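Everything numeric in this text was worked out from a predicted model, so none of it was measured. Remember, it's 1-based here, ligands and their atoms both numbered in the order they're listed. In what follows, every heavy atom counts, from backbone to side chain, and hydrogens, waters and symmetry copies are set aside.
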Amino acid sequence: MPHIVAGPTEARIRKQDEGMSKRVVVLGIQWGDEGKGKIVDLLTERCEAVVRFQGGHNAGHTLVIKGEKTVLHLVPSGILRHGVHCLIGNGVVVAPDALLQELETLERAGINARERLTVSPACPVILPSHVALDQARERARGSKAIGTTGRGIGPAYEDKAARRGIRFGELADPAKCIARVGHLLDYHNFLLKERFGESPVDLNRVAKEIERWSSELAPLTGDVSRAVYTVTQNSGNVLFEGAQGTLLDIDQGTYPYVTSSNTTAGAAACGSGVGPLILDVVIGVVKAYTTRVGAGPFPTELGDETGRFLADRGHEFGATTGRPRRCGWFDAVLARRACNLNSVNSLCVTKLDVLDGLSEIAICTGYQLGGELMDHPPWDAIVLEEVEPVYEKVPGWQESTAAVRTLEGLPTAARRYLDRLGELLGVAVDIISTGPDREDTMVLRDPFSLASTDSP
Ligand code: GDP
Ligand code: IMO
Ligand code: MG
């Protein structure tokens, strides 16, 4: 075999592996709202930068610090830690009006987010006509509606793929940008009027907004790929913050009841402008039960008293739209697939406290379909609608686990439940969350000291 000399990239990665910079991905392995924001915020204590790499302001990430709640949609969940650089990577679709509103809300709370925020010039821009199209399409789907957040996410990604979209970097030259938006609006308005019978979007109104976006937001544009590279070169830790969840991934999720981006770990690299080999650890965040907002299959959904118990105790209302979330038992079949899709090598279980007081807890370990037992999910969402979950019943606990911060402080049955989840997914439970507050968390194994080879 020829002797291959390590190239600069390989050498750099090896150098960083020698106990310095760590790059950790945090993402959801269900249908979203697993508590990703809380975990990212917690872990940023040891980070120099946090990168959002996909999705847009369809996300709602809730951070609670000493009882004070902040909900973030576009700004990465590192913003509440002084000195942390927050980056919005090229994979994110950016609604300038929503970004401005979020920055203003943060400023009113005394956080000068602009000082620490960089947005990739390659981010597709969400225009008011994307929002109109998203909502018009949903209305036209009638009973088959996806239940989108209505924020223009799908149409903005469509325009990106069709190579006709406007990118964030174009805001720097408002005159040129307005001319390009004019062409795009011709097309969007044609669809709105002729296809959906809806009102068109007025170019003059959008042009005025572009002037404002240009003066207020264009200065935030910067080279996100280079920023991440620089942090890693200087031995700093970087977090990659997922939005939505694995089961909402455009390719691997419950299509068509999904979002319009790749939400899985591979997107952390291409949505930030870094190579996949720099990712060391992938933390899969999972609720101790399952929830879903919007339409689509949900095998373990509970339409009964227990479902209402989980919704009430877990305050299961969407952080973005306020819609009630559907609730059900933990689905280990889907969660295991999600771990594989993401190379999850560290598990974080949230909302354990919500299960307090149940005498018995069920875990779905397989599906029945037409007399056949399955231990893996079907690829087709229509078939997933038809499966019957097979449950393993485990004892619950009566003690409160709310705000418990040590493993020893948990009831034995709760520890057994966590062990069983880890066993079924084949990944160690490294972080446990027992309440919404940053402090209500146990970190059993520090993700910044795990290496990429620490696989399950
Ligand atoms: P994300 O989208 O994954 O960041 O999650 P969301 O913020 O949309 O939803 C999670 C909700 O659960 C928020 O209201 C959090 O404050 C709350 N939460 C997070 N972890 C816990 C926990 O361990 N226990 C309880 N009771 N609430 C939690
Ligand atoms: P976070 O980051 C839960 C769901 C919507 C809908 C589908 C498509 O807070 O976990 P879209 O507007 O993206 O085209 O809607 O995806 N959805 C989410 N569900 N949490 C989210 O984000 C979501 N973002 C989108 O409800 O079913
Ligand atoms: Mg959320």
Practice item. Examine the proximity of ligand 1 to Asp353 and report which part, side chain or backbone, both or neither, has a heavy atom under 4.0 Å away. Key: side chain

Check your understanding: If we only count N/O pairs under 3.5 Å, is Arg323 in contact with ligand 2?
Key -> yes

Check your understanding: Is it true that Glu45 and Arg438 have a side-chain N and a carboxylate O under 4.0 angstrom from each other?
Key -> no

Review point. Do the side chain of Ser359 and the main chain of Pro395 share a donor and acceptor less than 3.5 angstrom apart?
Key: no

Check your understanding: Does Val293 reach ligand 2 with a nitrogen or oxygen that is under 3.5 Å from one of the ligand's nitrogen or oxygen atoms?
Key -> yes

Review point. Would a distance-only check, ignoring hydrogens and angles, find a side-chain to backbone donor-acceptor pair under 3.5 Å from Asn342 to Val344?
Key: no

Check your understanding: Considering only protein heavy atoms, which is closest to atom 12 (O) of ligand 2, and at what distance to one decimal place?
Key -> Thr149 OG1, 2.6 Å

Exercise for review: Tell me which protein heavy atom sits closest to atom 4 (O) of ligand 1, plus the residue, atom name and distance to 0.1 Å.
Suggested key: Gly37 N, 2.9 Å

Exercise for review: Could you give me the CA-CA distance, side-chain angles and deciding distance for Asn58 and Gln244, then say whether side chain to side chain donor-acceptor pair (under 3.5 Å) is met?
Suggested key: CA-CA 8 Å; Asn58 46 351; Gln244 291 75 56; 3.1 Å; yes

Check your understanding: For the Mg ion (ligand 3), what is the closest N, O or S atom on Asp33?
Key -> OD1

**Study point:** His61, any N or O under 3.5 Å of ligand 2 N or O
**Key:** yes

Check your understanding: Do any N/O atoms on Asp33 end up under 3.5 angstrom from N/O atoms on ligand 2?
Key -> yes

Practice item. Look at ligand 1 and say whether His315 reaches it with a heavy atom at a distance under 4.0 Å. Key: no

Point to revise | N/O separation below 3.5 Å, Arg313 to ligand 1 | key: no

Exercise for review: Keeping the roles fixed (side chain from Lys38, backbone from Asp440), state whether a donor-acceptor pair exists under 3.5 Å.
Suggested key: yes

Check your understanding: So, does Glu360 use its side chain to make a donor-acceptor pair with the main chain of Lys393 at under 3.5 Å?
Key -> no

Check your understanding: Do any nitrogen or oxygen atoms of Ser260 come within less than 3.5 Å of a nitrogen or oxygen of ligand 2?
Key -> no

Point to revise | Atom indices of ligand 2 within 4.0 angstrom of Trp31 heavy atoms, with elements | key: 3 (C), 19 (N)

Practice item. Output yes when Glu305 and Arg308 qualify as a salt bridge under the 4.0 Å nitrogen-oxygen rule, no when they do not. Key: yes

Review point. So is Val64 polar-close to ligand 1, meaning N/O to N/O under 3.5 Å?
Key: no

Review point. Are any of the N/O atoms in Glu34 less than 3.5 Å from those in ligand 2?
Key: no

Check your understanding: atom 14 (O) of ligand 1: which of Leu27, Thr62, Leu63, Val285 has the nearest heavy atom?
Key -> Thr62

Review point. Is there at least one pair of N or O atoms, one from Leu352 and one from ligand 1, spaced under 3.5 Å apart?
Key: no

Review point. Looking only at non-hydrogen atoms, which of Leu248, Val71, Thr148 approaches atom 4 (C) of ligand 2 most closely?
Key: Leu248

Check your understanding: Considering distance alone, does some N or O of Gly32 sit under 3.5 Å from an N or O of ligand 1?
Key -> no

Review point. Taking NZ, NE, NH1 and NH2 as the nitrogens, is one of them in Glu209 or Arg212 under 4.0 Å from a carboxylate oxygen of the other?
Key: no

Check your understanding: Which one of Gly294, Gly147, Gly242 has a non-hydrogen atom at the shortest distance from atom 5 (C) of ligand 2?
Key -> Gly147

Check your understanding: At the 4.0 Å heavy-atom cut-off, does Gly60 count as touching ligand 1?
Key -> yes

Check your understanding: atom 13 (O) of ligand 2: which protein heavy atom is closest, and how many Å away?
Key -> Thr259 OG1, 2.6 Å

Review point. Is there at least one pair of N or O atoms, one from Gly435 and one from ligand 1, spaced under 3.5 Å apart?
Key: yes

Practice item. Could you tell me whether Arg325 approaches ligand 1 through its side chain, its backbone, both or neither, with non-hydrogen atoms closer than 4.0 Å? Key: side chain

Review point. In the protein, what heavy atom is nearest to atom 7 (C) of ligand 2, and what distance, to one decimal place, separates them?
Key: Val258 O, 3.9 Å

Review point. Is Lys36 paired with Glu34 through a side-chain N to carboxylate O contact shorter than 4.0 Å?
Key: yes

**Study point:** Nearest candidate to atom 27 (N) of ligand 1, where distance is taken over non-hydrogen atoms, out of Lys351, Lys287, Lys36
**Key:** Lys351

**Study point:** Geometric N/O contact Gly60 with ligand 2, under 3.5 angstrom
**Key:** yes

Review point. Which residue from Arg292, Gln244, Arg52, His57 reaches closest to atom 25 (C) of ligand 2 through any of its heavy atoms?
Key: Gln244

Review point. What is the nearest protein non-hydrogen atom to atom 10 (O) of ligand 2, stated with its residue, atom name and distance?
Key: Lys36 NZ, 2.7 Å

**Study point:** Short side-chain to backbone donor-acceptor contact, Ser449 and Asp446, under 3.5 Å
**Key:** yes

